[in-house]
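Below is one structure; the comments refer to it alone.
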Amino acid sequence: MTTDAGLYQELILEHDRERHGHGLRDGAAGESHQRNPVCGDEVLLRLHVEGDRVADVSWQGSGCAISMASASVLHDVVVGLSLDELGERIELFRDAMRSKGRQEIDEELFGDAIALSGVSKFPARVKCALLSWMAAEHALDTARGL
Amino acid sequence: MTTDAGLYQELILEHDRERHGHGLRDGAAGESHQRNPVCGDEVLLRLHVEGDRVADVSWQGSGCAISMASASVLHDVVVGLSLDELGERIELFRDAMRSKGRQEIDEELFGDAIALSGVSKFPARVKCALLSWMAAEHALDTARGL
Amino acid sequence: MSSIAAPLTEAELAAIRADFPQLGEVVQGHPLVYLDSGATSLKPRSVLDAERRFAETRTAAVHRGAHTLAAEATEDYEDARRRVARFVGAREDELVWTANATEAVNLVAYAIGNASLGRGGAAAEGFRIGPGDEIVATEQEHHANLIPWQELAARTGATFRWIRTHDDGTLDLGHAAEVIGERTRLVAFSHVSNVVGVENPVAELVALARAVGALVLLDACQSAPHLPLDLRALDVDFAVLSGHKMLAPTGIGALYGRRGLLRDLPPFLTGGSMITTVTMDGADFLPPPQRFEAGTQRISQAVAFAAAVDYLETIGMERIAAHEAALGARLAARLAEQPDVRLIGPADSPHRVGLAAFTIGTVHAHDVGQLLDEQGIAVRVGHHCAQPLHRRLGVTATARASTYLYNTPAEVDALVDGLDAVRRVFGGR
Amino acid sequence: MSSIAAPLTEAELAAIRADFPQLGEVVQGHPLVYLDSGATSLKPRSVLDAERRFAETRTAAVHRGAHTLAAEATEDYEDARRRVARFVGAREDELVWTANATEAVNLVAYAIGNASLGRGGAAAEGFRIGPGDEIVATEQEHHANLIPWQELAARTGATFRWIRTHDDGTLDLGHAAEVIGERTRLVAFSHVSNVVGVENPVAELVALARAVGALVLLDACQSAPHLPLDLRALDVDFAVLSGHKMLAPTGIGALYGRRGLLRDLPPFLTGGSMITTVTMDGADFLPPPQRFEAGTQRISQAVAFAAAVDYLETIGMERIAAHEAALGARLAARLAEQPDVRLIGPADSPHRVGLAAFTIGTVHAHDVGQLLDEQGIAVRVGHHCAQPLHRRLGVTATARASTYLYNTPAEVDALVDGLDAVRRVFGGR
Ligand SMILES: Cc1ncc(COP(=O)(O)O)c(C=O)c1O
Ligand SMILES: Cc1ncc(COP(=O)(O)O)c(C=O)c1O
């Protein structure tokens with residue numbers, strides 16, 4: 001039984017339960033709705049901006065523990081970043097997830113998100129982990145008027 | 001080289017050259033046009049009836065040596081038969097052709113058509129040999145008002 | 001199933017399992033427990049051998065060539081059609097090869113659409129539909145037997161209507177009697193739903209359709225692999241099946257169509273090998289089944305499909321059905337007795353095949369599937385291409401275990417016991 | 001071909017031949033001389049091995065399952081797409097799997113038809129056609145690239161027009177410039193005709209189409225297996241190919257479509273795995289390529305297709321083209337020097353591939369094929385699914401010899417020398 005050493009680290013389960021940033025708040029600079037057609041999971045995410053910085057990320061969604069935990073850690077990681085940093089951070093996270101376990105997540109930059117490292121070894125679950133990050137990327141594009 | 005002992009017996013080549021019954025004649029009781037979509041071969045065949053007997057078979061067509069020779073021997077075999085006999089003869093011939101070499105053609109009943117015996121071993125050519133016989137079957141149906 | 005044949009003995013089951021190479025795979029460190037045959041079945045060695053033998057010795061175009069190999073390949077290909085047709089109780093000229101069941105449904109839908117645009121001449125007039133006409137499917141359908149009809153309705157102006165399900169996902173026959181009426185031209189439904197897992201009352205639905213002169217299309221994807229099937233006896237007009245769900249390779253399926261209907265139906269895909277005469281102005285078409293098989297066909301796959309039904313026939317569909325009825329009953333009963341599990345469909349139906357969808361607590365199906373996968377147990381999670389049914393059941397996703405002739409009672413138990421891992425990780429959720 | 005790569009050495013050729021099991025077959029008592037690769041190619045062991053390995057270890061549904069095997073199968077399947085796409089110079093999301101080239105042409109024709117019926121919304125408006133619009137093909141086309149357009153025209157009220165050929169079967173470019181005009185919406189033509197055997201001037205035809213804003217669909221069935229192909233460089237909008245003509249199994253082909261076009265094209269086949277949201281009222285569809293791949297796909301065949309292009313790439317398409325150009329030149333030259341043989345197409349074209357159709361005296365092609373078959377030589381006889389071209393050439397049928405990388409000059413000679421049997425049996429006819 002590899003369960004306990006496997007995908008579902010305690011940190012993930014905690015974030016799945018607590019869902020930091022959950023609940024939609026008004027006054028967003030950008031918003032995006034992402035859906036995984038395979039399983040029907042979805043995330044609606046809003047990016048709140050002050051000046052050049054991420055003031056808040058508010059979101060709502062339903063899905064598996066991985067996708068919900070990922071949205072929660074996303075909130076923790078990106079609030080306070082500059083918009084440029086946000087863009088870079090999303091790219092780094094995506095690369096790591098798609099690396100099939102070959103690329104580590106930097107704990108300095110990603111905090112609790114390192115608990116998601118294991119996901120990159122399960123190709124079918126990478127989409128779950130990326131769902132909210134994709135939403136953030138689209139919301140960022142909107143916020144920037146792209 | 002199996003050529004000479006193969007499909008193309010002298011009798012077939014002769015019939016292919018001479019084409020007994022060739023040329024369309026008026027006053028038919030039934031007519032049918034048959035076409036092999038694989039190669040484009042075709043036969044238009046008319047059945048001429050007097051009383052209950054086949055008075056003549058007239059036909060026109062283009063195709064390989066097997067299909068043309070088969071129409072020629074058909075003419076020789078069936079002229080003079082009763083319509084019932086014609087129906088039976090067609091069935092026998094079809095069965096023999098589809099028998100994959102397992103069923104002989106009776107020389108008594110089929111005369112020169114025995115030269116076509118070898119065809120049944122070449123599934124791709126059975127259609128060629130049957131083309132005019134199928135036309136005769138359809139023409140017979142028409143003649144009988146079916 | 002109310003079958004009276006004896007289930008497979010342990011020795012028979014062991015012999016069968018030895019025929020399936022993939023059962024020897026190790027997944028996540030555990031021997032594979034494959035409970036996803038409802039998605040696609042494993043392939044026995046005899047099927048793979050037949051396909052390979054054909055590819056290595058008889059590769060040639062069929063219905064086009066005259067040389068020896070081409071003639072032999074054509075014979076094999078048509079012989080395969082005869083065997084698969086016989087397996088489902090059809091005549092050989094009533095069976096059209098397709099890529100899968102999805103394409104088979106689309107074939108009928110597009111051919112009707114073509115008739116509605118005037119193709120196929122007078123013979124096809126009976127198929128024409130338009131505003132005022134109704135096409136009926138059910139809320140239980142796989143997307144493959146749903147969207148093609150919605151799209152056909154949208155293209156022709158006909159109305160798409162549908163039969164509701166009960167709360168447990170089974171069809172509401174009372175509603176069927178309301179929906180199927182004078183204007184109904186076609187009724188499409190599945191023999192066995194790929195989520196509910198119980199056999200639908202075909203006779204009742206056919207009777208409703210017949211009473212109003214509507215055509216019937218049966219989705220036999222989840223029945224043909226598991227039950228003895230006699231399409232003529234079921235008296236349906238069309239039926240579709242997928243080879244890959246019944247031991248054959250991917251890339252091949254079949255459409256059954258009543259002889260007289262296929263004769264009058266205009267073509268769908270057009271191209272080589274389905275014509276008599278072609279000019280730059282237009283084409284004349286061959287009779288069925290060739291009329292519906294444009295282009296170079298899935299030849300080695302057809303040969304393999306025939307080897308697959310040979311394999312099934314050797315064991316006997318009655319016995320396979322009995323074996324799977326036992327597995328299905330065990331699966332449903334054991335799932336139903338777990339207090340935190342919701343079983344989809346009735347727990348004690350005599351019509352259940354070896355398939356059961358379920359949820360556990362409020363844990364997402366993906367997480368359930370993942371934790372089973374970590375134990376080497378392969379199930380399917382998601383909406384199983386039946387979103388409307390899931391919406392009706394009030395869930396977005398379920399986990400689904402589905403068996404085949406090679407599965408054992410111990411594997412069913414492994415699945416149910418394996419749910420403990422879900423409980424351990426997600427606590428009481 | 002004006003290739004500068006070195007043809008294959010005898011040793012390389014021997015090694016290649018050893019990879020193809022069917023070359024060991026005995027036909028009518030003679031070792032097989034397979035000169036029918038234009039119909040379908042033989043399969044190397046590596047392709048059959050890849051297919052079998054997949055079937056025995058990774059059988060699972062793709063893009064649907066979450067368990068380990070399903071995830072691995074999905075990776076293999078998408079990796080195969082990347083490799084085949086790269087082989088023809090396309091991006092991975094520009095390549096859609098189909099059953100064969102015929103289905104690929106039909107996909108485009110039906111999708112345009114659907115757009116014309118209002119499907120696909122505003123994005124698809126650019127594809128709508130109707131009365132006054134013209135679709136152009138050529139008199140040289142295979143039925144697969146002809147009838148779907150005639151049928152589309154018949155369904156939509158658009159006009160079907162066609163480019164004539166010269167007496168030798170090559171395209172009349174002067175006539176092309178007349179036919180392609182303001183009203184032209186799509187021009188469909190083959191890269192290499194399967195009867196004439198010479199490469200068509202793609203650039204000229206694309207320029208004519210571009211000048212009037214028409215779309216271009218290229219039938220690459222007879223080029224992709226034999227020539228280095230870069231679809232983006234050729235600047236066509238769509239292209240179709242068949243796996244079985246390029247070492248892959250039957251049952252798989254591909255459609256190439258420019259990214260922006262596939263993005264806007266409405267779906268053709270509908271069902272599972274091509275949707276985002278489905279309700280009983282209708283469905284939303286995924287982006288390409290998934291939008292065009294409804295139902296369980298030809299998975300092991302896609303994996304085998306990738307193994308086939310790997311095999312071709314290992315040898316090198318430049319070198320294969322050089323080898324076949326030599327074979328084709330020898331074939332055409334030797335046939336042309338026989339006084340009783342009529343070679344179809346130019347005898348000395350630098351653009352000929354290893355394919356030549358011909359007649360001998362007035363002997364029917366079936367009889368020619370039969371007498372060659374009796375010597376173990378497999379050629380194709382008939383109209384080769386190009387009836388209009390044969391009518392234009394004034395013949396109902398021809399014999400056609402076609403080569404591939406595994407054929408030898410000695411086999412070409414065997415064919416030409418084998419015609420003596422025809423002369424012996426049919427005398428001077
Ligand atoms: C030029 C050409 N186009 C189209 C096709 C059709 O290919 P398929 O039958 O594999 O669909 C062929 C081969 O038959 C061909 O040679
Ligand atoms: C009930 C049902 N219908 C249709 C299908 C579609 O079959 P395929 O994907 O092979 O076309 C499936 C399987 O996916 C099914 O379970």
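In what follows, every chain begins at residue 1, and chains take the letters A, B, ... in the order their sequences are listed.
- Residue Asp281(C) holds its CG atom at 7.5 Å from CH2 of Trp162(D), rounded to the nearest 0.5 Å.
- Only the backbone of Thr138(C) comes within contact range of chain D, judged by heavy atoms closer than 4.5 Å.
- Interface remark: Leu32(C) contributes side-chain atoms only to the contact with chain D (heavy atom separation under 4.5 Å).
- Interface summary for chain D: among His366(C), Met274(C), Arg298(C), the most heavy-atom pairs under 4.5 angstrom belong to Arg298(C).
- At a 4.5 Å heavy-atom cutoff, Phe20(C) makes no contact with chain D through either its backbone or its side chain.
- The residue among Phe268(C), Trp97(C), Tyr34(C) with the most heavy atom pairs within less than 4.5 Å of chain D is Phe268(C).
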(message) Run the side-chain contact (heavy atoms from CB on, under 4.5 Å) test on Leu69(C) and Gln22(D) for me, step by step, so that the C-alpha distance in whole Å, both residues' side-chain angles and the decisive distance to 0.1 Å come before the verdict.
(response) CA-CA 10 Å; Leu69(C) 291 173; Gln22(D) 191 159 316; 3.3 Å; yes

(message) Apply side-chain contact (heavy atoms from CB on, under 4.5 Å) to residues Gln301(D) and Gln301(C) and explain how you reach the verdict.
(response) CA-CA 10 Å; Gln301(D) 291 81 20; Gln301(C) 291 80 21; 3.3 Å; yes

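- When heavy atoms are compared at a cutoff of 4.5 Å, Thr57(C) approaches chain D by way of both its backbone and its side chain.
- When the candidates Lys43(D), Glu25(D), Arg52(D) are compared by the number of heavy-atom contacts under 4.5 Å with chain C, Arg52(D) comes out ahead.
- Residue with the most contacts toward chain C among Glu103(D), His383(D), Gln370(D): Glu103(D) (heavy-atom pairs, distance under 4.5 Å).
- Rounding to the nearest 0.5 angstrom, the gap separating the CD1 atom in Ile147(D) from the CG atom in Leu269(C) is 11.5 Å.
- Only the side chain of Leu146(C) comes within contact range of chain D, with at least one heavy atom under 4.5 Å from a heavy atom of that chain.
- Residues Thr250(C) and Gln297(D) have side chains that never bring a donor and an acceptor to within less than 3.5 angstrom of each other.
- Using modelled atom types, one finds no donor on one side chain facing an acceptor on the other under 3.5 Å when comparing Glu151(C) with Thr270(D).
- Annotation: maximal heavy-atom pairing with chain C below 4.5 Å, among Leu117(D), Val27(D), Asn114(D), occurs at Asn114(D).
- Put simply, the side chain of Gln387(C) reaches to within 4.5 Å of the side chain of Ile275(D), judged on heavy atoms.
- We find the CD-CE distance between Gln150(C) and Met280(D) to be 6.5 Å, quoted to the nearest 0.5 Å.
- With a 4.5 Å cut-off on non-hydrogen atoms, Arg155(C) touches chain D through its backbone and its side chain both.
- Of the atoms belonging to Glu51(C), it is side-chain heavy atoms, and not backbone ones, that fall under 4.5 Å from chain D.
- Using a distance-only test at 3.5 Å, with no hydrogens or angles considered, no donor-acceptor pair links the side chain of Arg45(C) to the main chain of Glu56(D).
- Note: Leu247(C) CG to Thr59(D) OG1 = 10.5 Å, rounded to the nearest 0.5 Å.
- With a threshold of 4.5 angstrom between heavy atoms, Thr279(D) approaches chain C through its backbone and through its side chain.
- Remark: side-chain polar atoms of Asp373(D) are paired, donor with acceptor, to backbone N or O of Thr68(C) under 3.5 angstrom.
- Considering only heavy atoms from C-beta on, Thr102(C) stays 4.5 Å or farther from Thr296(D) through its side chain.
- Shown here for Ala61(D) and Ala39(C), the closest heavy-atom pair between the two residues is CB-CB, 3.9 Å.
- Taking Gly282(D), Gly369(D), Ala283(D), Ala137(D) one by one and counting their heavy-atom pairs under 4.5 Å with chain C, the maximum is reached by Gly282(D).
- Between chain D and the residues Ser37(C), Ala144(C), Ala386(C), the largest count of heavy-atom pairs under 4.5 Å involves Ala144(C).
- Contact annotation for Val278(C): both backbone and side-chain heavy atoms come within less than 4.5 Å of a heavy atom of chain D.
- Residues Thr277(C) and Arg391(D) meet the side-chain proximity criterion, which asks for heavy atoms closer than 4.5 Å.
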